[in-house]
Amino acid sequence: MNADTINLLTKKALKGDVNSLKEVIKFLKGYNAPIAKFAIYSIIYQFAMNNIIDLANECKTCGGKCCKLGLPVPVYHYDYEEMQRHLRIKLERKNGLYLLPRPCKFQKDWMCSINSFKPYACLSYPFATEDEQIEVIKNYNGNGVPDFQVPEFCLAGAKVKKFLNSLIENLKREKRTEPDPEEIIDVLLKVKQQ
Ligand code: SF4
Ligand code: SF4
């Protein structure tokens, strides 16, 4: 799979498509390297953030700082094409990426007004494999759950990290070994059904 295919599949997974999620994980498991294992955990945390855990109160309390603060949001060409199917939009392009300035004009109150077609970078926040996690990736040796760094203001990210760290720790205790990503996903899907 090339980078675009894997990114598109991951984007579909982060929007809630479980088959795409399992396919991405299967692909990444083929690489026996800490960075691939980091990516697997990162995608599982992102999936839970977007699809499993109710974060409305946390984001409302925060006021939507992730859409207000920081450098422009990177927008890949496939994000841009998807956005253009819904909106008239023209973004600056730099080094092969389109840039969505922050504060983001699509934020209404604390919420995203283009939730169903927002860019991949917005779906992966704050557990992306770049930005907040660069130092974590450098220090990750492939053992267990990475110690994801979540900005202090991101109450939602902190809730997801706490929830998943505890869920994985419980599974580990039951099984006496590190759980497979698929087992973590199965438990997450049961949580969603409750
Ligand atoms: S994701 Fe985090 S930073 Fe963004 S609005 Fe929610 S709590 Fe705030
Ligand atoms: S597109 Fe939506 S989620 Fe992304 S920065 Fe803008 S308002 Fe926030």
Side-chain angles (χ1 to χ4, degrees), residues 4 7-17 20-21 38-39 41-137 145-168 188 191-192:
D4 266 7
N7 281 349
L8 274 171
L9 201 60
T10 309
K11 189 172 179 185
K12 215 169 150 194
L14 298 186
K15 287 180 168 190
D17 187 287
S20 299
L21 177 65
F38 180 94
Y41 275 118
S42 165
I43 290 167
I44 291 174
Y45 279 57
Q46 293 165 23
F47 177 80
M49 180 104 180
N50 285 287
N51 301 289
I52 307 291
I53 304 174
D54 182 1
L55 301 166
N57 284 340
E58 285 71 19
C59 292
K60 192 173 180 183
T61 305
C62 154
K65 291 191 180 67
C66 54
C67 307
K68 291 188 172 86
L69 308 172
L71 297 170
V73 176
V75 175
Y76 292 97
H77 66 90
Y78 49 83
D79 292 320
Y80 195 53
E81 284 157 20
E82 190 181 14
M83 289 165 89
Q84 284 190 314
R85 285 199 286 276
H86 299 271
L87 304 161
R88 281 193 181 181
I89 182 175
K90 199 157 172 51
L91 296 176
E92 182 198 347
R93 193 157 193 238
K94 212 171 171 183
N95 301 328
L97 280 175
Y98 295 93
L99 298 174
L100 179 60
R102 285 188 274 191
C104 177
K105 63 180 179 182
F106 298 117
Q107 189 180 39
K108 296 283 173 273
D109 298 324
W110 54 274
M111 287 181 287
C112 177
S113 65
I114 58 166
N115 206 35
S116 62
F117 52 96
K118 64 188 179 188
Y120 175 68
C122 303
L123 289 162
S124 61
Y125 183 85
F127 301 105
T129 46
E130 54 273 317
D131 299 337
E132 282 77 14
Q133 309 306 336
I134 283 177
E135 284 306 307
V136 184
I137 293 172
V145 181
D147 185 18
F148 290 110
Q149 291 306 297
V150 174
E152 210 174 319
F153 56 77
C154 184
L155 308 175
K159 182 174 177 181
V160 170
K161 179 178 172 182
K162 190 173 169 199
F163 179 89
L164 261 165
N165 282 6
S166 153
L167 182 153
I168 294 169
L188 277 178
V191 169
K192 193 181 179 182

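Just so you know, ligand 1 is whichever comes first in the structure, and atom 1 is the first atom listed for that ligand.
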Going by the atom numbers of ligand 2, which of them fall below 4.0 Å from some non-hydrogen atom of [X]?
{"X": "K118", "result": "3 (S)"}
{"X": "F106", "result": "7 (S)"}
{"X": "C122", "result": "1 (S), 3 (S), 4 (Fe), 5 (S)"}
{"X": "I114", "result": "1 (S)"}
{"X": "Q107", "result": "7 (S)"}
{"X": "C104", "result": "1 (S), 5 (S), 6 (Fe), 7 (S)"}

Practice task
Please test E82 against K15 for salt bridge (Lys or Arg N to Asp or Glu O under 4.0 Å), starting from the C-alpha separation and ending with a verdict.
Solution key: CA-CA 14 Å; E82 190 181 14; K15 287 180 168 190; 2.6 Å; yes
Identify the closest protein heavy atom to [atom]: which residue and atom is it, and at what distance?
{"atom": "atom 5 (S) of ligand 1", "result": "G64 CA, 3.3 Å"}
{"atom": "atom 2 (Fe) of ligand 1", "result": "C154 SG, 2.4 Å"}
{"atom": "atom 6 (Fe) of ligand 1", "result": "C59 SG, 2.4 Å"}
{"atom": "atom 8 (Fe) of ligand 1", "result": "C62 SG, 2.3 Å"}

Exercise for the section: Mind listing the closest non-hydrogen atom pair of S20 and L9 along with its distance? Expected result: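 Shortest heavy-atom separation between S20 and L9 comes out as CB-O, 3.6 Å.
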Problem - Heavy-atom closest pair, residues Y80 and L91 - result: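 Y80 and L91 have their closest heavy atoms at OH-N, 3.1 Å.
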Practice task
Take atom NZ of K12 as the centre, draw a 6.0 Å sphere, and report whether it contains more than 12 heavy atoms from other residues, nucleotides or ligands.
Solution key: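 Open: at most 12 neighbouring heavy atoms sit under 6.0 Å from NZ of K12.
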Taking only heavy atoms of [X] into account, list the atoms of ligand 1 that are under 4.0 Å away from them.
{"X": "L155", "result": "7 (S)"}
{"X": "A156", "result": "6 (Fe), 7 (S)"}
{"X": "F153", "result": "3 (S)"}
{"X": "C66", "result": "1 (S), 3 (S), 4 (Fe), 5 (S)"}

Exercise for the section: Examine distances only and state if a side-chain atom of K105 and a backbone atom of R102 form a donor-acceptor pair shorter than 3.5 Å. Expected result: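 No; judged by distance alone, with no hydrogens or angles, the pair does not exist.
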Handout entry: atom 2 (Fe) of ligand 2 contact by C112, N, O or S atom under 2.8 Å
Key =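 Coordinating: yes.
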Practice task
On the 0 to 90° scale, with breaks at 30° and 60°, tag the Y76-Y78 ring pair as parallel, tilted or perpendicular.
Solution key: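 Because their plane-to-plane angle is under 30°, the rings of Y76 and Y78 count as parallel.
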Practice task
Taking atom types as modelled, find out whether N57 and K60 have a side-chain donor-acceptor pair closer than 3.5 angstrom.
Solution key: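 The answer is no; no qualifying pair exists.
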Problem - Within reach of ligand 1, part of M49 (heavy-atom separation under 4.0 Å) - result: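 It is the side chain that touches ligand 1; the backbone stays farther off.
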Exercise for the section: Please work out whether any backbone atom (N, CA, C, O) or any side-chain heavy atom from C-beta onward of N115 is under 4.0 Å from ligand 2, and answer side chain, backbone, both or neither. Expected result: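 Contact part for N115 vs ligand 2: neither.
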Handout entry: Check ion pair E58-K162 (N to O, under 4.0 angstrom)
Key =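 Looking at E58 and K162, the cut-off is not met.
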Problem - Cationic N near anionic O, under 4.0 Å, K161 to D147 - result: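 Salt bridge: yes.
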Exercise for the section: Give a yes or no on whether the ring-centroid distance for F127 and F38 is below 6.0 angstrom. Expected result: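 That pair fails the under 6.0 Å test.
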Exercise for the section: Would you indicate whether the side-chain heavy atoms of L123 and Q46 approach each other to under 4.5 Å? Expected result: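 Not touching, per the 4.5 Å side-chain cut-off.
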